[in-house]
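Residue numbers begin at 1 in each chain, while the letters A, B, ... track the order of the sequences.
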Amino acid sequence: MESLGIMGGTRDFLPDTMIRREFVIDTLKLLFRKYGFEPLETPAIERLETLTGKYGEEGEKLIYQVINSGSLANLQPGKRLEHALRYDLTVPLARVVAMYGDEMLPDPKNPKKQLRRLPRPFKRYQVQPVWRGDRPGQGRFREFYQCDADVVGATSLLVEAELIALAVEAFKTLGFQDFTIKINHRQLLAGLISWAGVPKSKEATTLSSIDKLDKLSVEAVKSELHEKGLEQDQIEKLFNVIKLSGNGAELLDEAGALLKASETASTGIAELQQLLGLLKALQVDGQHYKIDLSLARGLDYYTGTIWEIVTAAPVGSVGAGGRYDGLISTLSGGLVDQPACGTSFGLDRLLAAMEHLDLLQQIPRNTEVLVLRFTDPGAELILLSLVCALRKVGVRTEIGYNDAPFSPDGMRQQLGYANEKGISYAVIMGPDEMTQGMVTLRNLLTREQSKLPIVDAVNLISSRLHS
RNA sequence: GUGGCUGUAGCUCAAUCGGUAGAGCACCAGACCGUGACUCUGGUCGUUGCGGGUUCAAUUCCCGUCAGCCACUCCA
């Protein structure tokens, strides 16, 4: 019985789910383009050396290695694997920037001039699967999709502001009403930690505890920090700042006053203040973002602003981003050193959140009209020309594959098909309609139907669909 | 990488204290019938995930194994 199956942690996306995935992906891509990002795709398989040494010890183990020639038979003992499946979309981006960043093309408008193949700053989006050699678990897959938009080669805070504006617009477009982008700054955190007297060696572990504040109580986090060897007064100092609340600007002022001794923290605070101004100027709805000093996002490579998107659905964060000015240099092996900032949407979590919030039913199935087919004399020509006419005006139309003359069973069978496929309208032309020169248009949702003259059936149907 | 749960006809599931398995849907044949989860009649379908053990007897108990799901760790 279980002779067929797929590898654990991988998935088949059947049409019903694929329609939803594409809806989300298309929405995101449209917005990426709207903000001036251009598409990039890179191979699933990269050279192993491109990927190794980039993700730290934990990540290293999860790289999906690929046998050289693609065949076990050609694998020689002792010979190393040299390829691997891509682990994320950021390393390929770094590689692309390193490989093509300086490439010039002749300017078609002016033969004496040359243009960069990759404009600088380079704004690209990329929606592709990545692989992790991980044991699959809940919400964790061996193969999953990332949707990234990054800007390489610009230090302006406007990049952060635009990426956050884009994210807000994306979530609104997808139908979310209740969502928040939590914003913080790595330098603020780093400054805070050293200001509190916590040694640099404990910075990462301290951050990972602080990041749990949305799940654990203040007390639980404090005791966890205590177990990690932080002094009581260090912990108190940390929380004096972290627990600050209020609207963005006030909160930052208070934090700034407390942390004014730390130059690093002050830099971070100044940038956040500037960012708030830019977001306002970009007319981003203030209810959808807030400064959250407890946001840490464990990732070591962030150097500036960091953010995370949460919704009302209990599925964790559905997107995240930040500035990582040193990463391109690291990932490209020191070949290029460019500042970068990006945001990423978790497609699977996004869909899970939409499922929770009932936002998916708004997404229609593909076919809009099914023309029932009967082979009665004279019917074929009319039916097929009707199909052509509907398609010509852009109505997604199917014809029933019924090879028999009009019969109740044929009707049932074809309407049943329409029902299974979630088609919203059926066009019926039986003997009655034929003699009257009419067609019946049936709304399969409301089960209401009416007869239309054949001559303006197409117009009436298409206008009904677009109202 | 730890802990918990599940695995029964094509699908969704049931079987009280261990007594060799049922229902709905689907499917097939037919009735009815200008209309999609309509109605009626009849019918097909399972070595209960796999392997082993306890027992007179196992879907029910025990061990192993595989697969899937959920909670931690971690991330996306």
| query | How close or far is atom C1' of B:C75 from atom CG of A:D348, stated in whole angstroms? | reply | 13 Å
| task | Between B:G18 and B:C13, how far apart are the P atoms? Round to whole Å, please. | result | 25 Å
| query | Taking side chain as C-beta onward, heavy atoms only, is A:H83 less than 4.5 Å from A:E46? | reply | no
| With rounding to whole Å, what would you report as the distance between B:C5 and B:G22 at their C1' atoms? | 24 Å
| said: Please list all pairs meeting salt bridge (charged side-chain N to carboxylate O under 4.0 Å, His left out) that have one or both residues in residues 374-387 of chain A, counting only residues at least two apart or in different chains. | reply: A:R373-A:E380
| message | Between B:G30 and B:C69, how many Å separate the two C1' atoms, rounded to a whole number? | response | 43 Å
| query | Rounded to whole angstroms, how far apart are CE on A:M7 and P on B:C66? | reply | 15 Å
| said: Taking the ring centre of each residue, are A:F179 and A:H288 less than 6.0 Å apart? | reply: yes
| Which pairs pass side chain to side chain donor-acceptor pair (under 3.5 Å) with one or both residues in residues 30-39 of chain A, sequence neighbours excluded? | A:R33-A:Y125, A:K34-A:E169, A:Y35-A:E169
| query | Between atom CG in A:L28 and atom P in B:A76, what is the gap in whole Å? | reply | 17 Å
| request: Can you spot which of A:T52, A:V130, A:L62 makes a side chain to side chain contact (heavy atoms under 4.5 Å, CB included) with A:Y87? | output: A:L62
| Base-pairing string, 5' to 3', of RNA chain B - Watson-Crick or wobble, under 3.5 Å, | interstrand | (((((((..((((........)))).(((((.......))))).....(((((.......))))))))))))....
| Separation of B:G1 P from A:R132 CZ (nearest whole Å) | 17 Å
| field | Minimum side-chain heavy-atom gap A:L230-A:V198 below 4.5 Å | value | yes
| request: Please measure how far the P atom in B:C28 lies from the corresponding atom in B:A37, and state the result in whole Å. | output: 15 Å
| task | Would you kindly compare A:F144 and A:I6 by the position of their nearest RNA chain B nucleotide and give the one closer to the 5′ end? | result | A:I6
| message | For nucleotides 31-36 of chain B, give me one character per nucleotide, 5' to 3': B if any protein heavy atom sits under 4.0 Å from the base, S if the only such contacts are to the sugar-phosphate, - if neither. | response | --BBBB
| field | Interatomic distance where CG belongs to A:D211 and P belongs to B:A76 [whole Å] | value | 11 Å
| query | Given atom NZ of A:K421 and atom P of B:A37, what is their separation to the nearest angstrom? | reply | 18 Å
| message | In whole Å, I'd like the distance from the CZ atom of A:R11 to the P atom of B:A76. | response | 16 Å
Donor-acceptor pairs under 3.5 angstrom involving side-chain atoms of residues 12-23 of chain A: please list them, not counting sequence neighbours.
{"residue": "A:T17", "atom": "OG1", "partner": "A:L14", "partner atom": "N", "Å": "3.3"}
{"residue": "A:T17", "atom": "OG1", "partner": "A:L14", "partner atom": "O", "Å": "2.9"}
{"residue": "A:R21", "atom": "NH1", "partner": "A:D348", "partner atom": "OD1", "Å": "3.1"}

| With rounding to whole Å, what would you report as the distance between B:U59 and B:U47 at their P atoms? | 12 Å
| said: Distance check, C1' atoms only: B:U6 and B:U44, in whole angstrom units. | reply: 29 Å
| request: Kindly indicate whether the side chain of A:L460, heavy atoms from C-beta on, has any atom under 4.5 Å from the side chain of A:L441. | output: no
| query | So do the side chains of A:R86 and A:T42 get within less than 4.5 Å of each other, counting heavy atoms only? | reply | yes
Could you pull out every donor-acceptor pair under 3.5 Å between side chains of residues 322-331 of chain A and any protein atom, sequence neighbours left out?
{"residue": "A:R323", "atom": "NE", "partner": "A:E160", "partner atom": "OE2", "Å": "2.7"}
{"residue": "A:R323", "atom": "NH1", "partner": "A:A154", "partner atom": "O", "Å": "3.1"}
{"residue": "A:R323", "atom": "NH1", "partner": "A:D325", "partner atom": "OD1", "Å": "2.9"}
{"residue": "A:R323", "atom": "NH2", "partner": "A:A154", "partner atom": "O", "Å": "3.2"}
{"residue": "A:R323", "atom": "NH2", "partner": "A:S156", "partner atom": "O", "Å": "3.3"}
{"residue": "A:R323", "atom": "NH2", "partner": "A:E160", "partner atom": "OE1", "Å": "3.2"}
{"residue": "A:Y324", "atom": "OH", "partner": "A:D150", "partner atom": "OD2", "Å": "2.4"}
{"residue": "A:D325", "atom": "OD1", "partner": "A:A340", "partner atom": "N", "Å": "3.2"}
{"residue": "A:T330", "atom": "OG1", "partner": "A:G326", "partner atom": "O", "Å": "3.1"}

| C1' atoms of B:A21 and B:U48, separation to the nearest Å | 8 Å
| Whole-Å P distance, B:A15 and B:G49 | 15 Å
